[in-house]
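On a predicted model such as this, the values are computed, not experimentally measured, just so you know. Proteins come first, then strands; the chains are lettered A, B, ... in the order of their sequence lines, and each starts at number 1.
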Number of protein chains: 2
Amino acid sequence: METTTVKTYSITQVSKMYNLPTTTLRYYEDLGLLYDIPRLKGRRAYTQQHLNRLGAICCFKDTGMTLKELQELFEAQDNDNDLTKTCEILDNHYERVLEQLAQLKKNERHIKRKVRFYHDIKSAKENHTEMPDWDDYRDRDF
Amino acid sequence: METTTVKTYSITQVSKMYNLPTTTLRYYEDLGLLYDIPRLKGRRAYTQQHLNRLGAICCFKDTGMTLKELQELFEAQDNDNDLTKTCEILDNHYERVLEQLAQLKKNERHIKRKVRFYHDIKSAKENHTEMPDWDDYRDRDF
DNA sequence: GTAACACTTCAAGTATACTTGAAGTAAAAT
DNA sequence: ATTTTACTTCAAGTATACTTGAAGTGTTAC
């Protein structure tokens, strides 16, 4: 007879690992995003499975998926094992992520220009030199 | 004597241009993010200045700046003309945007892998071929 | 033994960013 | 002339994602 002990993590450890308050971890459990978390003497004992799931939650949430959408995704994945729906949700979300990425790159360039512009204004004012013109920064790459 | 007419835009036009509800445009005005919008017969008439400002609002908001932070930024920019503070806020925000971009790229790759994984599961099930293993997708680039 | 600590559950409260509702106005359409 | 459309103001309501508070429990420190 062989017994294998599974490595588990306390809620405080998980909280630190994923940089999420313990209250948020409990909240995700209330919503059903995390479930079947075993208790050791009444305390949550997260397994690697739960950490993987939490990683997915963070990844999807950080890319703009709502917790409700995450519930749907996990429902399709876990309960129904509905691959068509799972793929559909994933495909749609991936599309959105690509759009986000394109938009964020645009915004990053815009903000970079603005940063340079304001630093140049500051220098010009301090050194009594000619003020920069935003038109010179508008569609220019640095 | 010479009179120049400035091109203006109605709230509905601006709403369509920036893909924001008219209620949100009024809300931003309430918060002071947009101000001195002239009225023609009681109706808002946005000038190019306001559109530029609105573009900035969207850009910063979409990159995670709160409306409160935007108020601070505009206050430093418009009222105080405090270049040190303006530069500081912009610099800090730009840092955050770069982090976001790095994170989003990571998340995009992770989701891409997951999309492929689930499509391969679907194919395998449909064609009764061997199921894929997530470990083969984990840190692999496609 | 008892106090402190680290959790536990469950309900209620909060922050941010809108969104809706009510009541009114002014010009255009019928 | 009166209805419809497109706004207006101002106050109140809502959605999402937590966050806090109250009351309780079980191991650890003194």
Side-chain angles (χ1 to χ4, degrees), chain A residues 8-47 50 53-75 89 93 96 100 103 107, chain B residues 8-47 50 53-75 89 93 96 100 103 107:
Chain A
T8 63
Y9 305 86
S10 74
I11 196 166
T12 356
Q13 287 175 318
V14 177
S15 167
K16 276 165 193 162
M17 282 193 259
Y18 287 84
N19 203 30
L20 290 172
T22 57
T23 53
T24 302
L25 294 172
R26 291 196 200 95
Y27 173 61
Y28 288 169
E29 200 178 338
D30 284 348
L31 295 184
L33 296 178
L34 291 167
Y35 54 88
D36 289 347
I37 299 167
R39 312 284 147 132
L40 292 181
K41 296 166 188 159
R43 311 288 174 78
R44 286 168 178 79
Y46 294 82
T47 70
H50 299 107
R53 168 60 58 103
L54 193 52
I57 293 170
C58 291
C59 173
F60 287 114
K61 192 191 57 123
D62 289 350
T63 50
M65 197 178 259
T66 64
L67 301 183
K68 203 176 176 180
E69 288 173 311
L70 265 164
Q71 285 178 325
E72 282 178 52
L73 173 61
F74 290 151
E75 199 182 303
I89 295 173
H93 187 62
R96 287 196 295 175
Q100 263 181 70
Q103 189 59 51
N107 286 335
Chain B
T8 65
Y9 305 85
S10 73
I11 196 167
T12 356
Q13 287 175 316
V14 176
S15 168
K16 278 166 192 161
M17 283 192 259
Y18 286 83
N19 203 31
L20 289 173
T22 56
T23 53
T24 302
L25 294 172
R26 290 196 201 97
Y27 174 60
Y28 288 168
E29 199 178 338
D30 284 348
L31 295 183
L33 296 178
L34 290 167
Y35 54 87
D36 289 346
I37 299 167
R39 312 283 147 133
L40 292 182
K41 295 166 190 161
R43 311 287 175 80
R44 285 167 179 79
Y46 295 83
T47 69
H50 299 106
R53 168 60 58 103
L54 192 52
I57 292 171
C58 291
C59 174
F60 286 115
K61 191 190 60 123
D62 289 349
T63 51
M65 197 177 259
T66 64
L67 301 183
K68 203 175 175 182
E69 287 173 313
L70 265 163
Q71 284 176 325
E72 282 178 52
L73 173 61
F74 290 151
E75 199 181 304
I89 295 173
H93 187 63
R96 290 196 295 174
Q100 263 180 70
Q103 190 58 51
N107 287 335

Student: Looking for any heavy atom pair under 4.0 Å, which part of the strands does A/R26 touch: base, sugar-phosphate only, or nothing?
Tutor: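 Contact class for A/R26: base.
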Student: Counting side-chain heavy atoms from C-beta on, which of D/dA6, C/dT9, D/dT19 comes nearest to A/Y27?
Tutor: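 Per side-chain heavy atoms of A/Y27, the pick is D/dT19.
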Student: Any idea which of D/dT8, D/dC18, C/dA27 is nearest the B/K41 side chain?
Tutor: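 So the nucleotide nearest the side chain must be C/dA27.
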Student: Between D/dT8 and B/R44, is there an OP1 or OP2 to side-chain N/O distance shorter than 4.0 Å?
Tutor: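 For D/dT8, OP1 or OP2 has a side-chain N or O of B/R44 closer than 4.0 Å.
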Student: For A/E29 and for B/L20, find the nucleotide of DNA chain C with the closest heavy atom, then tell me which residue's nucleotide is more 5'.
Tutor: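 Here A/E29 is the residue nearer the 5' end.
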Student: Could you state the atom-to-atom distance from CD of A/E72 to P of D/dT16 in whole Å?
Tutor: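 Distance, rounded to whole Å: 12 Å.
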Student: Under 4.0 Å between a side-chain N or O of B/T22 and OP1 or OP2 of D/dC7?
Tutor: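 B/T22 to D/dC7 OP1/OP2: no side-chain N or O under 4.0 Å.
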Student: Mind calculating the distance between CG (A/L31) and P (C/dC10) to the nearest angstrom?
Tutor: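 For the pair A/L31 CG and C/dC10 P, the rounded distance is 14 Å.
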Student: In Å and rounded to the nearest 0.5 Å, what is the CD1 to CZ distance from A/I89 to A/F60?
Tutor: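 Between atom CD1 of A/I89 and atom CZ of A/F60 there are 9.5 Å.
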Student: Ignoring the backbone of B/K61, work out which of C/dT9, C/dC18, C/dC7 is nearest its side chain.
Tutor: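 Looking only at heavy atoms from C-beta outward on B/K61, the closest nucleotide is C/dC18.
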Student: C/dC7 C1' sits how many Å from A/Y46 OH, rounded?
Tutor: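 Checked: the OH to C1' distance equals 11 Å.
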Student: Return the nearest nucleotide to the side chain of A/S10; candidates are C/dA17, C/dC7, D/dA17.
Tutor: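 Of the options given, the side chain of A/S10 lies nearest C/dC7.
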Student: Measure from CG on B/D62 to P on C/dA17 and round the result to the nearest Å.
Tutor: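 These atoms are roughly 12 Å apart.
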Student: In this structure, how many angstroms lie between the C1' atom of C/dT9 and the CG atom of A/L25, rounded?
Tutor: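 Roughly 16 Å, once rounded to whole Å.
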Student: Just N and O in the side chain of B/T24: are any of them under 4.0 Å from OP1 or OP2 of C/dA17?
Tutor: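 Answer is no, no contact under 4.0 Å.
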Student: Quick one: label B/T23 by what it contacts on the DNA or RNA (base, sugar-phosphate, nothing), any heavy atom closer than 4.0 Å.
Tutor: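 Result for B/T23 = base.
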Student: Could you check A/Y27 against A/L67 for side-chain contact (heavy atoms from CB on, under 4.5 Å), going step by step and ending with a plain yes or no?
Tutor: CA-CA 11 Å; A/Y27 173 61; A/L67 301 183; 3.7 Å; yes
Student: Would you say the side-chain atoms of A/S15 pair up with the backbone N or O of A/L20, donor to acceptor, closer than 3.5 Å?
Tutor: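 Yes; judged by distance alone, with no hydrogens or angles, the pair exists.
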Student: Please confirm whether the backbone N or O of A/A45 pairs with a side-chain atom of A/H50, one donor and one acceptor, at under 3.5 Å?
Tutor: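 No, A/H50 side chain to A/A45 backbone: no donor-acceptor pair under 3.5 Å.
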Student: To the nearest 0.5 Å, how far apart are CZ in B/R39 and OG1 in B/T8?
Tutor: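 Spacing of CZ (B/R39) from OG1 (B/T8) equals 12.5 Å.
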Student: Distance check: side-chain N/O of A/Y28 vs OP1/OP2 of D/dC18, anything under 4.0 Å?
Tutor: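 Yes, within the criterion.
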Student: Using whole Å, report how far CG of A/D30 lies from C1' of D/dC18.
Tutor: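 To the nearest whole Å, that distance equals 11 Å.
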Student: Identify which nucleotide among D/dA17, D/dT8, D/dA6 has an atom closest to any side-chain atom of B/I11, counting heavy atoms from C-beta outward.
Tutor: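 Of D/dA17, D/dT8, D/dA6, D/dT8 is nearest to the side chain of B/I11.
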Student: Using heavy-atom distances to pick each residue's nearest nucleotide on DNA chain D, tell me which of B/G42 and A/L67 is more 5'.
Tutor: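 Its nucleotide being nearer the 5' end, the pick is B/G42.
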Student: How long is the line joining CD1 of A/I57 and P of D/dC18, in whole Å?
Tutor: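 Distance check: A/I57 CD1 to D/dC18 P gives 11 Å.
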Student: Taking A/C59's backbone N and O only, do any of them form a donor-acceptor pair with A/T63's side chain (distance below 3.5 Å, no angle check)?
Tutor: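 Side chain of A/T63 to backbone of A/C59: a pair is present.
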Student: Send over the distance from B/R43 CZ to D/dT5 P, rounded to a whole Å.
Tutor: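 Distance, rounded to whole Å: 14 Å.
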